[in-house]
Amino acid sequence: MPVPEITITPEFSGSVVAKGASDDLSARLLKRAGFQQIDDWYGRRHRLPTTTPLDDKVAIANHAAEMLRAARYHVVLPPSLDNRMSLPAHPLGPYAAGAELLRITDQIRAAETGADFQRAVDHLFHPEHGALERVREALEAAAEQVIDLDDEAHALSDRFGFAADFLSSAQSELINSEAELRRVGNASERHTEARFSTLPDHRDAARATSPAAAKANIPSPPSTEVAQPNRSAQPHVPGPRR
């Protein structure tokens, strides 16, 4: 007997719909999880209202999937609703732009080479797509929109405009820094090469006599090279013991 399949998917309207629950057991499990049952000419289906918060949608969908799977149903749950596959929520919540800037800050702090550093800071002051340019444009748009919403809000509009001008000044300080960034990369490479060039030769260290051994008059260990025997020398034959 084939395993019944139930599909739980989000819709464009924002609702979450469970389809395939044609029997009473699966319907009871879905309703217990929090779904509302609908019976019309499309057939039986279960849905969550569009006003349901996203976290609740994910929690209810996963709770329903767990109960249905325990009852031997095959449940299809997309990654956007499956908390086993979804990424952990960012601590900044809805502030996605701030979260992205935090990620860039982490990349800057974790840069180990000049090239890594250049790639990270380029996200900040790229002249067309950098974060500074995007924030400057947003401040200018805010200055204009304030006046459209309130003809008397000139002071607030000016403050947004002043903030945009400050960012323009910051961009002008960094606009010609590409050559300096390349030097940062070369300097980091030279520092790495110099650090390795100052490391002692392990072969010389192996042949050297330790200070403790020299103080105790202990001869240094023999070389690993094998001495060739002197073929011209006569072998020494021990005489009789007296």
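Keep in mind it's a predicted model, so treat the numbers as computed, not measured.
By the rule that hydrophobic residues join a cluster once side-chain heavy atoms approach within less than 4.5 Å of another member, Ile38 and Phe35 end up as members of separate clusters. No path of Ile, Leu, Val, Met, Phe, Trp and Tyr side chains, each step under 4.5 Å between heavy atoms, connects Leu81 with Val17, placing them in separate hydrophobic clusters. Val76 and Leu68 fall into different hydrophobic clusters, defined by Ile, Leu, Val, Met, Phe, Trp and Tyr side-chain heavy atoms under 4.5 Å apart, directly or through other members.
Between Asn62 atom CG and Ile8 atom CD1 the span is 8.5 Å, to the nearest 0.5 Å. In this structure, CG in Leu101 is found 11.0 Å from CG in Asp106, a value given to the nearest 0.5 Å. Residue His63 holds its NE2 atom at 9.0 Å from CG of Leu29, rounded to the nearest 0.5 Å. Atom CD1 of Ile147 sits about 9.0 Å away from atom CD of Glu152, to the nearest 0.5 Å. Separation of atoms CD (Glu100) and NE2 (His123) is listed at 7.5 Å; rounding is to 0.5 Å. Note that CD1 of Ile60 and OG1 of Thr52 are 6.0 Å apart. Values are rounded to the nearest 0.5 Å.
Smallest separation of non-hydrogen atoms from Ile108 and Ala120: CG1-CB, 3.6 Å. The heavy-atom pair separating Pro49 from Lys57 by the smallest distance is O-CE, 4.0 Å. Taking each heavy atom of Arg136 and Ser168 in turn, the nearest pair found is CD-OG, 3.1 Å. Ala164 approaches Glu140 most closely through the heavy-atom pair CB-CG, 3.7 Å. Pairing each heavy atom of Thr50 with each of Ser15, the nearest pair is CG2-N, 3.7 Å. Between Leu30 and Ala64, the shortest heavy-atom distance links the atoms CD2-CB, 3.8 Å.
Looking at heavy atoms from C-beta onward, Val146 lies out of side-chain contact with Arg159 at the 4.5 angstrom threshold.
Atom CZ of Arg32 has 12 or fewer heavy atoms from other residues, nucleotides or ligands within 6.0 Å.
For residues 146-180, there are no ring pair (Phe, Tyr, Trp, His ring centres under 6.0 Å) pairs, not counting sequence neighbours. Judged as a salt bridge (Lys or Arg N to Asp or Glu O under 4.0 Å), the pairs with a partner in residues 11-30 (not counting sequence neighbours) are, in order, Asp24-Arg44.
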Check step by step if side chain to side chain contact (heavy atoms under 4.5 Å, CB included) holds for Ile6 and His46.
-> CA-CA 11 Å; Ile6 298 174; His46 297 78; over 6 Å; no
